[in-house]
Amino acid sequence: MKNITIQLPDGSSVTRNSGMTAREILTSLNGSSLDAVVAARLNDRTVDLDCPVEEDASLAPVSLDSDEGLDILRHSISHVMAQAVQDLFPSVKVTIGPSIEDGFYYDFDYSEDAFTPEDLEKIEARMAEIIAADLPFTRSVLSVDEAITFFEERGEPYKVELLRDLAGETQEVTLYRQGDFVDLCRGPHIPSTGMIRSFKLLNVAGSYWRGDEHKARLQRIYGTGFASQEELDRYLALIEEAKKRDHRKLGRELDLFQINDEVGPGLIIFHPRGAMLRTIIEDWERKEHLKRGYGIVMGPQILKGELWKRSGHFDHYRENMYYTEVDDQVYGIKPMNCLSHMLIYKSRIRSYRDLPLRYFELGTVHRHEKTGVLHGLLRARQFTQDDAHILCTPEQLNDEIRSVVDFVDDAMKIFNFEYDVELSTRPDDSIGTDEEWDRATTALRTALDETGKDYDVNEGDGAFYGPKIDFKLRDALGRKWQCATIQCDFTLPERFDLSYVGPDGEKHRPVMLHRVILGAIERFMGVLIEHYAGALPLWLSPVQALILTVTDRHSPYGEEILQRLIEAGVRAEGDFRNEKLGFKIREGQLQKIPYMLVIGDREVESKTLAPRRRDGSKLDALTVDDFIALVREEAVAFR
RNA sequence: GCCGAUGUAGCUCAGCUGGUAGAGCAACUGAUUCGUAAUCAGUAGGUCCGCGGUUCAAAUCCGCGCAUCGGCUCCA
C-alpha cells in the first residue's frame with residue numbers, strides 16, 4: 001500500500017495509507033473528536049468525511065460552526081425537508097434546494113394544492129423523525145444518462161431537465177441518498193441526519209422554476225438551522241428584534257409619514273417630522289453637490305410623448321410610465337430626469353472647454369411599479385432622486401466615474417453605512433451597439449479596479465441604455481437595497497445628437513453618466529431609519545431637543561427657552577402639559593429625541609436647563625447658550 | 001404581475017362550530033402640580049377593507065375587487 005503525506009492546518013504533516021477516508025485520517029490524529037465535524041477540506045475542495053484520500057494532500061476538518069460547515073449543514077437540512085415533504089405529499093416534484101445566507105430553501109412543484117402554515121408543522125414533525133432515525137447520507141456517482149433514467153423512473157421531471165442541461169458540461173454526476181430519498185447534488189453533506197441539532201421552517205413563498213416568471217410556478221419553503229438550538233433561538237430573537245426596526249412601523253410611531261389607501265399604493269405623505277428629515281437630507285445634498293462642481297437644475301414633471309420616443313423610453317420603459325393628455329397631446333410623466341438635462345446641454349453650442357458639465361436635480365419621478373413589489377419607503381411609485389447627469393469627453397470619463405465613487409464613499413461614511421458594490425452588464429432588452437457597451441463597461445470596470453474596492457458582477461443586469469455600478473445598503477432584515485448607482489450611457493447623447501466642439505474645431509460626441517448618490521431620498525430615509533432604529537444622530541433628528549417642565553409654573557420659562565433655541569436654529573419642541581415628569585420623559589424617549597431638557601424650580605432659579613440624553617445619561621445643568629453651543633458642536637461632529 | 005397569508009376603534013390585538021362587537025394603550029373631561037421610562041377616575045370612539053351572494057340572521061360561510069405582509073419576477 002502506498003504512503004501519502006497529509007498536510008494539516010497547523011502546518012505539520014503526517015503520513016498515512018493511500019485510500020484512507022478523510023474521517024479515518026482525522027480520527028487517527030491525537031485527541032481529535034469528530035462530533036462537530038461535518039465535512040473535510042481536501043486541498044481546495046470541501047468533501048464528505050467518507051471521501052477517500054488517494055494522493056498527497058492538505059486536509060482540514062470543517063466544523064459545524066464554521067461558515068462552510070453551516071452551509072453544508074443547512075444544505076443537508078434542505079434535503080431532509082425535501083424527504084419529509086415527499087413522504088407527506090407524494091405528488092410533490094422536487095426542484096432545487098440550496099443553502100442561502102442565514103438558512104436554506106427548497107422549491108417544490110405542488111400544483112394541486114398549497115402548503116399551509118399547518119403543513120409546515122407537519123413537515124417539521126416528519127423531519128424530526130428523519131433526524132431521530134439518524135439516516136446516513138450516502139454518495140454515489142452515475143453517468144448523466146444513468147441519472148436521467150433514474151429520475152425519469154422516479155417521476156422527477158425537474159431533475160431530468162437539470163441533468164439534460166448538465167449533459168453538455170460533464171459526464172458524471174453525484175447523487176446523495178438518505179433513507180429512500182435521493183437527490184441530484186454536488187454535495188458535500190453531513191455524515192448523517194442525526195447530526196442536525198436544530199432547525200426551523202420559517203415561511204412558504206411563491207417562486208418560479210429557474211426564476212423565470214414564464215415557467216412553472218413553484219412553492220418555496222424557507223428554513224434555517226444552526227450548530228445548536230441556542231444559536232437558532234438567538235437568531236430567531238434577532239429577527240424579532242429586527243422587525244421592531246422596520247421603517248414602516250417606526251414611520252408611524254415616530255410620526256414621520258403615512259401611506260394611505262385613499263391616496264393610493266406606493267405614494268407617501270410626509271408628516272412634519274418626516275418632511276423635516278427629508279429637508280435636512282436635501283439641504284445637505286445641495287451643499288455637497290455645489291462643493292463638487294455640480295449645477296442645480298430643475299425640469300418639468302411631464303414631457304411630450306415624442307421626446308420619450310426619441311430617448312428610447314417609449315420602447316423600453318413604456319409599461320413603467322404614467323401618461324396624461326394635454327390638448328390632445330400625449331405627455332409622459334417622467335420616470336427619470338435625464339431628458340430635461342439633455343435639453344439643457346443642447347440649449348447652446350458646447351466647447352470641450354465647458355466640459356465636464358454636471359447637472360444636479362432633486363428630481364421627483366413616477367414609476368408604475370408592480371403591486372407586489374411595493375414596500376413602504378423602500379419601493380414607492382413616486383420618489384425623488386438625487387440625480388445628476390455628467391456630460392464629458394471620453395478622456396474625462398474615468399476621472400468623473402472615480403470622483404462619483406469617491407462622492408458615494410464620502411456620503412456613506414457621513415451616514416455611517418457599509419455598502420456592497422456590484423457591476424451590472426448588458427441586459428437582453430437594450431439599445432446601443434456592442435462596441436458602445438464594451439467601452440462603457442470597460443470604463444466602469446477600470447475606474448472600479450483603480451479604487452481597489454471589492455465588487456461582484458451581475459451579468460445582464462444593466463439599465464437598457466447602459467451598464468452600471470450599483471451600491472447596495474441593507475435594511476433591518478439584511479435585505480439589500482440599491483441606493484447609489486453610476487450608469488454609463490453612450491446612447492442618449494447619440495439619440496439627442498449632443499456634441500461639443502473639440503480643440504480640433506470639429507464636432508464630437510460627449511459621453512454621459514447618470515448617477516445618484518443616496519439614490520431615492522425616500523428609500524434612503526427608509527434604510528436610514530432602520531439602520532439607526534429610529535434613533536437618528538443629532539444632525540438628522542427632526543426634533544433635537546424637547547423641553548420638559550416639572551409643573552405648570554415652569555411653563556413661562558419653558559416658552560422663553562424654547563423661543564431662544566428655535567431662534568438659534570436648534571430644532572426644539574416643548575412639552576408643557578400637566579403630566580408627571582416621568583411620563584413626559586417616557587414619551588420623549590419613545591420618540592427617540594436626542595436631548596430632553598428638564599426645567600423645574602432649580603433651573604428657573606439659576607436660568608439653566610438640565611439636559612438628559614437619549615441614552616438615559618444626565619448632564620450637569622447648562623445655560624441656554626451653553627446648550628446651544630453643545631448642539632452646534634455635536635451636530636457638526638456627526639458629519 | 002405571480003404564489004401564499006392577512007385586513008375588527010388612532011395603535012396593538014381578542015371575538016369558539018353564523019345569533020349584528022370587546023380589552024389595553026392613545027384621545028377627551030375632571031381631579032392631581034408632581035424632578036428623569038407610564039398619577040387616578042370618568043367619557044366617548046367601530047360602513048368589523050369594499051361590493052355582491054347564501055341565510056330568518058354574516059365580523060364569522062361563498063364569490064369578486066382593493067390594500068397590506070412574506071417571497072418570486074422586476075427595480076432607485
Side-chain angles (χ1 to χ4, degrees), chain A residues 105 107 110-111 113-117 119 202-222 243 246 248-249 252-253 255 258-262 264-266 317 319-320 335-336 363 365 367-381 383-387 424 427 461 463 468 470-473 477 479 481-485 487 514 516-524 526-527 548-555 577-590 596-603 610-614 616-618:
Chain A
Y105 67 79
D107 280 349
Y110 181 31
S111 22
D113 206 348
F115 295 120
T116 64
D119 290 338
L202 298 171
N203 50 0
V204 197
S207 65
Y208 301 105
W209 172 234
R210 301 199 144 178
D212 183 338
E213 61 180 320
H214 305 295
K215 295 202 163 102
R217 272 177 286 283
L218 306 174
Q219 291 182 59
R220 175 173 299 180
I221 302 180
Y222 283 93
K243 283 182 185 160
D246 189 317
R248 293 164 296 191
K249 185 173 157 68
R252 189 170 50 239
E253 289 171 359
D255 199 16
Q258 64 174 301
I259 297 171
N260 191 315
D261 283 3
E262 291 183 89
Y317 209 72
E319 68 283 7
N320 287 300
M336 297 184 194
V365 298
R367 296 184 186 174
H368 183 212
E369 302 293 347
K370 292 175 179 176
T371 51
V373 305
L374 300 174
H375 188 92
L377 296 184
L378 300 184
R379 193 78 182 267
R381 282 183 172 162
F383 54 94
T384 299
Q385 297 178 299
D386 58 340
D387 203 1
S424 297
D461 228 19
K468 56 181 186 164
D470 292 330
F471 299 76
K472 300 201 172 181
L473 305 182
L477 287 173
R479 294 174 291 209
W481 295 92
Q482 180 178 322
C483 288
T485 176
Q487 308 179 346
H514 308 244
V516 289
I517 301 298
L518 304 184
I521 306 297
E522 289 81 354
R523 172 176 292 182
F524 186 76
V527 179
L548 304 180
T549 45
V550 176
T551 76
D552 282 349
R553 67 178 172 276
H554 308 119
S555 297
R577 291 176 301 169
N578 172 20
E579 295 288 352
K580 293 176 77 166
L581 182 62
F583 179 80
K584 296 195 210 181
I585 289 197
R586 178 182 155 79
E587 292 205 339
Q589 200 70 36
L590 291 173
M596 277 180 266
L597 309 174
V598 176
I599 54 172
D601 289 340
R602 291 199 295 270
E603 288 73 24
R612 175 195 206 275
R613 271 200 244 266
R614 188 161 51 191
S617 62
K618 282 158 58 171

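Numbered from 1 within each chain, the chains take letters A, B, ... in sequence-line order.
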| said: Quick one: does any side-chain atom of A:R367 pair with a main-chain N or O of A:P335 as donor and acceptor, under 3.5 Å? | reply: yes

| P atom, B:C13 versus B:G52: distance in rounded Å? | 30 Å

| message | Say we look at B:C49 and B:G71: how far apart would their P atoms be, to the nearest angstrom? | response | 25 Å

| query | Are the side chain of A:T549 and the backbone N or O of A:D552 linked by a donor-acceptor pair below 3.5 Å? | reply | no

| Rounding to the closest angstrom, what is the interatomic distance between B:U47 and B:C66 at atom C1'? | 15 Å

| request: May I have the distance from A:E579 (atom CD) to B:A37 (atom P), rounded to whole angstrom? | output: 16 Å

| task | Could you say whether A:I599 or A:Q219 is positioned toward the 5' end of RNA chain B, judged by the nucleotide with the nearest heavy atom to each? | result | A:Q219

| task | For residues A:V365 and A:F383, determine if any side-chain heavy atom of one lies less than 4.5 Å from a side-chain heavy atom of the other. | result | yes

| Roughly, in whole Å, what's the span from CG in A:D255 to C1' in B:A26? | 13 Å

| remark: Taken to the nearest whole Å, CD/A:E587 to P/B:C25 is 13 Å

| request: Please state the P separation for the pair B:U68 and B:U8 - nearest whole angstrom. | output: 14 Å

| With the sugar-phosphate defined as primed atoms, P, OP1 and OP2, and the base as all remaining atoms, what B/S/- string results for nucleotides 69-76 of chain B, 5' to 3', for protein heavy atoms under 4.0 Å? | SBBBBBBB

| field | Distance, rounded to the nearest Å, where A:N260 contributes CG and B:U68 contributes P | value | 11 Å

| Counting only side-chain N and O atoms of A:R553, is one of them less than 4.0 Å from OP1 or OP2 of B:C34? | yes

| field | NZ/NE/NH1/NH2 to OD/OE distance under 4.0 Å, A:K215 and A:D212 | value | yes

| Is A:Q589 reaching over with its side chain to a backbone N or O of A:R614, donor-acceptor style, under 3.5 angstrom? | yes

| field | Pairing partner of B:G52 (Watson-Crick or G-U wobble, both distances under 3.5 Å) | value | B:C62

| request: Tell me the partner of B:U12, counting only Watson-Crick (N1-N3 plus N6-O4 or O6-N4) or G-U wobble (N1-O2 and O6-N3) with both under 3.5 Å; none if nothing fits. | output: B:A23

| Which nucleotide in B:A67, B:G1, B:A37 has an atom nearest any side-chain atom of A:T371 | B:G1

| field | Atom C1', compared across B:A59 and B:A14: separation rounded to whole Å | value | 13 Å

| Strand partner of B:U17, provided both Watson-Crick or wobble distances fall under 3.5 Å | none

| task | Return the nearest nucleotide to the side chain of A:D552; candidates are B:U36, B:U39, B:U33. | result | B:U33

| d(OH, A:Y105; C1', B:G4) in whole Å | 17 Å

| Can a side chain N or O of A:R217 be found less than 4.0 Å away from OP1 or OP2 on B:G4? | no

| query | Under 4.0 Å between a side-chain N/O of A:R252 and OP1 or OP2 of B:U12, yes or no? | reply | yes

| query | Just how far, in rounded Å, is C1' of B:G30 from CZ of A:R577? | reply | 17 Å

| message | Please determine whether any donor N or O and acceptor N or O are separated by less than 3.5 Å between the side chain of A:E603 and the base of B:G35. | response | yes

| Please give, in whole Å, the distance from B:C3 C1' to A:L218 CG? | 10 Å

| note | Heavy-atom nearest pair, A:K584 first then A:E579, reads CE-O, 3.4 Å

| said: Tell me which one of A:R523, A:R381, A:R379 satisfies salt bridge (Lys or Arg N to Asp or Glu O under 4.0 Å) with A:E369. | reply: A:R379

| What is the nucleic acid contact for A:D261, judged by heavy atoms within less than 4.0 Å: base, sugar-phosphate only, or nothing? | sugar-phosphate

| field | Same-atom distance (P) from B:C62 to B:C16, integer angstrom | value | 15 Å

| said: For the P atoms, the ones on B:C61 and on B:G45, what distance do you get once it is rounded to whole angstrom? | reply: 29 Å

| message | Under a 3.5 Å cut-off for both contacts, is B:A31 paired Watson-Crick or G-U wobble with anything, and if yes, with which nucleotide? | response | B:U39

| query | Does A:F115 offer a backbone N or O that forms a donor-acceptor pair with the side chain of A:Q219 under 3.5 Å? | reply | yes

| Does the side chain of A:E587 come within less than 4.5 Å of A:R577's, by heavy atoms? | yes

| Nearest-Å distance for atom pair NZ/P, residues A:K584 and B:U33 | 15 Å

| query | Rounding to the closest angstrom, what is the interatomic distance between B:C51 and B:G15 at atom P? | reply | 25 Å

| If we call it a pair only when both distances are under 3.5 Å in a Watson-Crick or G-U wobble match, what pairs with B:C69? | B:G4

